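The structure under discussion appears below in the form of structure tokens.
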Amino acid sequence: MRYYPKGSSTLLDSNCTMSLETRFTQLIGIRYPIIQAPMAGGATTPDLVAAVCNSGGLGSFAAGILSPEGIRPGIAEIRRRTDRPFGVNLFVLDPPNPNPDPAHLAQAMEWLEPFRRELGLPPAAAPTRYCEPFADQVAAVLEARPPVVSFAFGLLDPSRVAEFKAAGSLVVGTATTVAEARAWASVGADAVCAQGVEAGGHRGTFLSDFDGAMIGTLALVPQVADAVKIPVIVAGGIMDGRGIAAALILGAAACQLGTAFLTCPEAGIPPVWKDLLQRTTDDGTQITRVFSGRPARALANDFIKRMRAHEDEVPPYPIQNALTMDIRQAAAQANRPEYLSLYAGQAAGLSRGLPAADLIARLVEETEEVLRQGVRLVNPP
Ligand SMILES: Cc1cc2nc3c(=O)[nH]c(=O)nc-3n(C[C@H](O)[C@H](O)[C@H](O)COP(=O)(O)O)c2cc1C
């Protein structure tokens with residue numbers, strides 16, 4: 001007799017022999033339905049990505065704020081370290097380089113001056129560019145032909161999706177609502193990542209208004225799984241085998257974990273951020289726009305508190321992100337976490353600080369154990 005959690009392809013036979021194979025693992029050609037999330041800002045080093053891939057998961061390289069000159073060597077380095085499938089992630093930005101109102105820009109810069117002074121930075125000059133041109137990033141990724149490409153913040157048009165597929169890349173879109181998941185399915189995506197409100201980092205929302213799209217993972221995943229035929233990846237608040245097993249039972253074909261990988265020694269974030277992640281509590285994060293202009297979940301700190309009065313007024317992403325960039329860089333150098341964007345999910349307190357290979361092994365072991373226990377519950381002796 002076989003037990004099939006509804007909507008999942010994970011199987012358990014009567015001898016409790018476990019397979020974590022799913023539609024997603026088959027599609028990509030990986031062993032475990034575990035994805036290390038792309039995390040822009042330097043966390044997802046080639047070392048981290050390759051360690052995850054070599055351990056049977058899917059590592060993802062965040063290229064959302066990188067220029068083509070940063071994207072190409074990153075991908076080449078991953079290929080030197082692993083021959084397994086990996087992913088590359090971009091932000092879909094439209095318009096690519098906005099033209100903010102000069103008065104609003106001057107006001108936004110003024111709000112940041114006290115932080116600049118405290119960090120010894122000179123008064124800011126208005127940036128000439130707010131982000132890397134999306135078309136150049138796309139060209140670099142198309143040329144590199146990674147096995148998987150994933151996107152957040154927007155939707156590709158069907159011809160662009162077809163271009164990536166023709167280059168040999170599987171396409172994954174990020175959705176925070178059922179409508180966004182349907183939109184990705186309709187443009188031809190191979191899979192969709194449903195991001196619950198628990199998730200660390202930026203909200204991927206692009207169709208709904210941000211407030212309406214703050215949907216918890218437990219509520220979002222089954223609704224997305226019922227709405228689309230493509231495999232559903234779950235992101236948000238998953239830190240261990242309990243979370244992975246729960247997501248698989250809800251209908252996920254894979255789980256995308258971000259915060260859980262931030263404390264790995266291979267993750268390229270400042271040690272003080274790793275330390276704070278391991279010491280935080282369930283109520284230690286907040287969703288805020290003050291770092292980048294787009295709602296994102298981060299550990300609460302002084303910058304968020306002092307900028308709260310301007311929460312609704314700071315310019316949208318990528319303008320505010322560019323304005324705070326050198327404050328965040330200077331804060332990292334000066335070891336001042338109170339001014340860093342400490343992006344983290346609501347379950348950050350479950351961080352373990354293990355090397356990536358050990359973390360994957362532990363996650364697999366725990367997931368199998370929880371699913372076995374689950375079978376005992378539904379099939380009592
Ligand atoms: C530090 C950090 C940076 C992130 N950067 C990206 C990114 O560049 N692209 C993206 O699609 N998602 C990004 N995310 C969101 C993750 O893909 C994922 O949705 C989230 O980490 C899942 O929630 P968890 O952190 O609770 O595991 C980021 C998350 C964190 C914590």
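Note that the coordinates shown come from a computational prediction; the quantities given were computed from them, not determined experimentally. In what follows, every heavy atom counts, from backbone to side chain, and hydrogens, waters and symmetry copies are set aside. In listed order, ligands and their atoms are each counted from 1.
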Do the ring planes of [X] and [Y] sit parallel (below 30°), tilted (30 to 60°) or perpendicular (above 60°)?
| X | Y | result |
| --- | --- | --- |
| Phe303 | Phe115 | tilted |
| His310 | Trp111 | parallel |
| Phe134 | Phe151 | perpendicular |

Pi-cation contact, Phe210 with Arg203 (under 6.0 Å, within 45°): no

What atoms of ligand 1 come within less than 4.0 Å of a heavy atom belonging to [X]?
| X | result |
| --- | --- |
| Gly237 | 23 (O), 24 (P), 26 (O) |
| Gln256 | 17 (O) |
| Ala40 | 3 (C), 4 (C), 5 (N), 6 (C), 7 (C), 8 (O) |
| Gly201 | 29 (C), 30 (C), 31 (C) |
| Thr259 | 24 (P), 25 (O), 26 (O), 27 (O) |
| Gly345 | 26 (O) |
| Gln195 | 15 (C), 19 (O) |
| Ala37 | 16 (C), 17 (O) |

A quick test of your reading: do over 12 heavy atoms of other residues, nucleotides or ligands sit less than 6.0 Å from [atom1] of [X]?
| X | atom1 | value |
| --- | --- | --- |
| Arg81 | CZ | yes |
| Leu218 | CG | no |
| Asn99 | CG | no |

Look at [atom] and say which protein heavy atom is nearest, naming residue and atom and giving the distance to 0.1 Å.
| atom | value |
| --- | --- |
| atom 21 (O) of ligand 1 | Gly258 CA, 3.3 Å |
| atom 13 (C) of ligand 1 | Pro38 O, 3.1 Å |
| atom 1 (C) of ligand 1 | Tyr343 CB, 3.6 Å |

From the candidates [options], the one that places a heavy atom nearest [atom]:
| atom | options | answer |
| --- | --- | --- |
| atom 31 (C) of ligand 1 | Gly200, Ala152, Ala63 | Gly200 |
| atom 3 (C) of ligand 1 | Met39, Arg203, Glu198 | Met39 |
| atom 11 (O) of ligand 1 | Asn89, Leu277, Leu342 | Asn89 |

For ligand 1, indicate whether the residue Phe151 contacts it via side chain, backbone, both or neither (heavy-atom separation under 4.0 Å). neither

Ignoring hydrogens, what is the shortest heavy-atom contact between Gln223 and Ala219? Give both atom names and the distance. NE2-O, 3.0 Å

Apply the test salt bridge (Lys or Arg N to Asp or Glu O under 4.0 Å) to residues Asp190 and Lys165: give CA-CA distance (whole Å), side-chain angles for both, the deciding distance (0.1 Å), then the verdict. CA-CA 9 Å; Asp190 296 287; Lys165 288 180 163 189; 3.6 Å; yes

Can a non-hydrogen atom of Ala43 be found less than 4.0 Å from any atom of ligand 1? no

Under a plain distance cut-off of 3.5 Å, with no hydrogens placed, do Asn321 and Arg328 share a side-chain donor-acceptor pair?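 Indeed, the side chains of Arg328 and Asn321 share at least one donor-acceptor pair under 3.5 Å.
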
